[in-house]
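One structure is given below, encoded as structure tokens.
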Number of protein chains: 2
Amino acid sequence: MAKYYPELSPLFHALADPTRRSILTRLAEGPARVTDLSEPTGLRLPTVMRHLSVLEEAGLISTSKDGRVRTCAIVPEALEPVRTWLDEQRAIWEGRLGRLEAFAMKAMKEGTK
Amino acid sequence: MAKYYPELSPLFHALADPTRRSILTRLAEGPARVTDLSEPTGLRLPTVMRHLSVLEEAGLISTSKDGRVRTCAIVPEALEPVRTWLDEQRAIWEGRLGRLEAFAMKAMKEGTK
DNA sequence: ATAATACTTAGCCATTTGACTAACTAACCC
DNA sequence: GGGTTAGTTAGTCAAATGGCTAAGTATTAT
């Protein structure tokens with residue numbers, strides 16, 4: 001029986017937006033200021049702020065303010081629950097597929113008799 | 001070599017809803033009718049239908065109608081792009097890739113919608 | 001002290017989401 | 001044929017999403 005991960009919804013939701021994924025990819029190069037993230041996307045600052053807060057609430061990034069500059073950085077371990085869920089699903093899904101394959105294999109053998 | 005994944009947004013979006021994830025978990029046991037999926041969730045048929053169409057458009061399930069019964073089944077390989085993206089991100093985030101490779105990865109991800 | 005920079009907050013707007021009910025169609029069963 | 005079953009379609013509704021502008025605050029630069 002699969003476990004229930006309450007934190008998966010905000011994570012998947014945060015990852016569902018291409019702008020947010022591109023922000024993550026940019027941050028993978030290293031920390032960046034809000035303005036640095038605004039320029040390549042062509043989005044206004046408040047819009048970027050919104051995306052950043054979604055990412056931060058999902059635990060995917062962390063931010064800190066020094067003077068008037070807010071610096072954003074990735075939280076590498078944040079993807080772990082997603083990975084765990086994915087591993088679990090694959091195990092179940094492929095297990096099911098395995099059983100179907102076994103059945104098909106048996107049926108084929110029977111048919112060749 | 002990494003691929004280009006236009007389908008990531010619908011996939012992540014489909015997975016962001018707990019009801020849809022529970023439907024997937026149920027379908028992992030084996031194919032089911034729409035009504036079978038409606039009962040455990042406590043949701044009405046049209047609501048379940050909506051979730052199913054989101055899952056089907058994301059490629060996570062396939063459905064077929066026989067008489068008046070629609071049967072839904074999982075598409076196990078549908079999670080592959082998610083897994084691949086996750087593997088890539090982990091590699092970058094954990095700093096296993098050089099700066100140049102990370103840059104190339106970012107360039108390829110550009111335009112992902 | 002003033003101006004420029006870097007957010008931040010508030011609020012607007014169109015679209016999408018996720019739920020529902022009501023009414024409709026298309027099998028199947030007697 | 002008439003009733004039941006299984007979806008399906010259409011339409012409503014509140015809340016959330018993703019963009020914006022305009023106006024605020026705090027910090028740094030001249």
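A quick note: this is a predicted structure, and the numbers were derived from the prediction, not measured. Below, chains carry the letters A, B, ... as their sequence lines are ordered, and counting in each starts from 1.
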*asked:* Within the 4.0 Å heavy-atom criterion, would you say B/Arg50 contacts the bases, only the backbone, or no part of the nucleic acid?
replied: nothing
_A/Glu39 CD - C/dC7 P separation (whole Å)_ = 10 Å
_What verdict does the side-chain contact (heavy atoms from CB on, under 4.5 Å) test give for B/Arg90 and A/Leu79, after you've listed the backbone C-alpha separation in whole Å, the side-chain angles of each residue and the deciding distance to 0.1 Å?_
CA-CA 8 Å; B/Arg90 183 164 67 168; A/Leu79 286 182; 5.8 Å; no
*Are any of the side-chain heavy atoms of B/Arg83 and A/Gln89 separated by less than 4.5 Å?*
no
*Does a side-chain heavy-atom distance below 4.5 Å link B/Leu24 with B/Leu15?*
yes
_How many whole angstroms separate atom CZ of A/Arg70 from atom C1' of C/dT5?_
16 Å
_chain A contact limits on DNA chain D, taken 5' to 3' with a cut-off of 4.0 angstrom to heavy atoms_ = D/dT17 to D/dT28
*Atom NE2 of A/His51 to atom P of C/dT8: distance rounded to whole Å?*
16 Å
*asked:* Which is more 5' along DNA chain D, the nucleotide nearest A/Arg20 or the one nearest B/Pro46? Just name the residue.
replied: B/Pro46
_Whole angstroms only, please: what is the CG-P distance between A/Asp36 and C/dT5?_
15 Å
*B/Arg33 has an atom CZ; how far is it from atom C1' of C/dC28, in whole Å?*
13 Å
_Just the rounded figure in Å: distance from P of C/dT8 to CE of A/Met49._
4 Å
*Mind calculating the distance between CZ (B/Arg44) and P (C/dC24) to the nearest angstrom?*
19 Å
*Distance from B/Leu52 atom CG to B/Leu45 atom CG, nearest 0.5 Å?*
9.5 Å
*Parallel under 30°, tilted from 30 to 60°, perpendicular over 60°: which one fits the rings of B/Phe12 and A/Phe12?*
tilted
*Using heavy atoms to find the nearest nucleotide of DNA chain D for B/Arg68 and A/Arg68 separately, return the residue whose nucleotide is more 5′.*
B/Arg68
*Using atom NE2 of A/His13 as one end and atom C1' of C/dT16 as the other, report the distance to the nearest whole Å.*
12 Å
_By the definition side-chain contact (heavy atoms from CB on, under 4.5 Å), identify the one residue from A/Met49, A/Arg33, A/Glu56 that meets it with A/Thr63._
A/Glu56
*Check whether any side-chain heavy atom of A/His13 lies under 4.5 Å from a side-chain heavy atom of A/Glu57, and answer yes or no.*
no
_Minimum-distance nucleotide (side-chain atoms of B/Asp17 versus C/dT21, C/dT8, C/dG18)_ = C/dG18
*asked:* What contact category does B/Thr35 fall into here, base, sugar-phosphate, or nothing, at under 4.0 angstrom with non-hydrogen atoms?
replied: sugar-phosphate
